[in-house]
Amino acid sequence: MAEHITITEFLLKHVTGEHSLALTSMLKDIADACKKIALAIDQGALAGNMGSLASENVQGEVQKALDVITNDIFIETNQQSGYVAGMASEEMDDIIQIAEPQRQKGQYLLLFDPLDGSSNVNVNISVGTIFSILKSANAKPVLADFLQAGTEQICAGYALYGTSTMLVLTTGHGVNGFTLDVASGEFYLSHPEIKVPVDTQEFAINMSNYRFWQEPVQRYIDECLQGAEGIRKKDFNMRWVASMVAEVHRILVRGGVFMYPIDSKLQLKGGKLRLMYEANPMSFIIEQAGGAATTGIQRILEVHSNALHQRVPVMMGSRKEIERIAAYHSKKIAH
Ligand code: AHG
Ligand code: MN
Ligand code: MN
């Protein structure tokens, strides 16, 4: 580790401005929650944390035991600072209002996906937690207070429970990554000022959906597959972990594009990934690291939010590639 700066030391020094006290305090709770989640995931089957439940969440997805365990940990731990007035989770139908006295200090909203990539849990592959922080207009927030565009986020981040546990976050001034030292239980700055490499030769998409995609996405992937013999004149590599956190982290470290586009199966839903606690926070991070994020036809951070669990097409990563994909959608680059 190049520098032994703890996450608390980092936040105290680098988070300035009107939200600094609140953000420092809330991020301390988030780091604590992620540590607890890392432990629950590490213990896995030994703690009886594996397997599916009989229940479904609001999205109609069968919940895993860890979906519920991580949701409970996140809600309970993040009430402690007193700055969070309301929360919203992938696993809860409705917003969660924080009662007095917990919400004395502030009017912040915490939106989260407690366990991202949950289909990976039973096969011991990386999963994550994603979060987004907004300011509420009301001390007692109602649904309308949550429905803000991604440009309004004051903080976003994710935890990746991978070969090591990492916390990566932005408060609108670049992106920094911290690695958990399990011996001391402390997150240390390990990846300062992360930048997405501009050029890439790697894409991430669930290829099994190829026949359902729209033409611009098929075109982009076809050209990648043609490699050095095609118009891109270089060979591409492909990865698909089925955990957005793991894919976005890989892109932050070595470049690439991540795509979960709309397809004919998803038409009625509007996409697969959720705007408020998946697409928006990841787009904020990617943009802050110099990358770009689009639905194909619109910057994700500018999408108007009309429902807590709204879904959107997602394409994000190295800027030049995302610009190319957007140009294919708007037909600005002819065949
Ligand atoms: P979640 O586990 O929170 O429902 O999210 C899973 C998401 C995302 O992380 C991943 O990129 C995608 O679903 C994988 O989808 P497929 O199984 O369709 O590939
Ligand atoms: Mn998810
Ligand atoms: Mn999830």
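One-based numbering, in listed order, for ligands and for the atoms of each. When a residue number appears, it is its place in the shown sequence, counting from 1. As the structure is a prediction and not an experimental result, all values here were calculated from the model.
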Hey, is CG on Leu268 packed in by over 12 heavy atoms from elsewhere, all under 6.0 Å? no

Check the Mn ion (ligand 2) and write out every protein N, O or S atom at under 2.8 Å, as residue and atom. Asp113 OD2, Asp116 OD1, Glu278 OE2

Closest non-hydrogen protein atom to atom 18 (O) of ligand 1, residue and atom name please, with distance? Tyr260 OH, 2.6 Å

Remaining members of hydrophobic cluster (4.5 Å side-chain criterion), Leu301: Phe284

Please list all pairs meeting side-chain hydrogen bond (donor to acceptor under 3.5 Å, both in side chains) that have one or both residues in residues 122-136, counting only residues at least two apart or in different chains. Thr129-Tyr161, Ser132-Gln153

Can you find a pair of side-chain heavy atoms, one from Thr294 and one from Gln298, that are under 4.5 Å apart? no

Tell me if the CD atom of Gln226 is crowded by more than 12 foreign heavy atoms within 6.0 Å. yes

Please could you name the atoms of ligand 1 that Ser118 approaches to less than 4.0 Å, counting only its heavy atoms? 2 (O)

Go through the steps to decide whether Glu215 and Tyr328 satisfy the test side chain to side chain donor-acceptor pair (under 3.5 Å), and finish with yes or no. CA-CA 9 Å; Glu215 193 275 336; Tyr328 286 5; over 6 Å; no

Would the Trp240 and Phe258 ring centres measure less than 6.0 Å apart? yes

Would you confirm whether the ring centroid of Phe178 sits within less than 6.0 angstrom of the ring centroid of Phe10? yes

I need the nearest protein heavy-atom contact for atom 19 (O) of ligand 1: residue, atom name and distance, please. Asn206 ND2, 2.8 Å

Apart from Leu39 itself, what residues make up its hydrophobic cluster when side-chain heavy atoms of I, L, V, M, F, W and Y under 4.5 Å apart count as a link, directly or indirectly? none

Which residue holds the protein heavy atom closest to atom 7 (C) of ligand 1, what is that atom called, and what is the gap in Å? Leu273 CD2, 3.7 Å

Just let me know how Phe258 lines up against ligand 1, side chain, backbone, both or neither, with a heavy-atom cut-off below 4.0 Å. side chain

For atom 4 (O) of ligand 1, what is the closest protein heavy atom, and at what distance to 0.1 Å? Arg274 NH2, 3.2 Å

Please classify the Glu90 to ligand 1 contact at 4.0 Å (heavy-atom distances, strictly less than): side chain, backbone, both or neither. side chain

Which part of Asp116 is near ligand 1, with near meaning a heavy atom under 4.0 Å away: side chain, backbone, both or neither? both

Is it the case that the side chain of Gln201 and the backbone of Gly227 share a donor-acceptor pair, with hydrogens and angles ignored and the cut-off at 3.5 Å? no

Measure from the ring center of Phe74 to the ring center of Phe112 and say whether it is less than 6.0 Å. yes

Under 3.5 Å, is there a donor-acceptor pair between the side chain of Thr77 and the main chain of Ala33? no

Applying a heavy-atom cut-off of 4.0 Å, say which part of Ser243 lies close to ligand 1: side chain, backbone, both or neither. backbone

For ligand 1, which atoms have a heavy atom of Asp113 less than 4.0 angstrom away? 3 (O)

Using a 4.0 Å cut-off to any heavy atom of Glu278, which atoms of ligand 1 qualify? 3 (O), 5 (O)

Which of the listed options, Lys272, Met259, Glu91, holds the heavy atom that is closest to atom 15 (O) of ligand 1? Lys272

Can you find an N/O atom of Gly117 closer than 3.5 Å to an N/O atom of ligand 1? yes

Does the N or O separation between Ser119 and ligand 1 drop below 3.5 Å for any pair? no

Is there a donor-acceptor pair under 3.5 Å between the side chain of Glu186 and the backbone N or O of Thr6? no

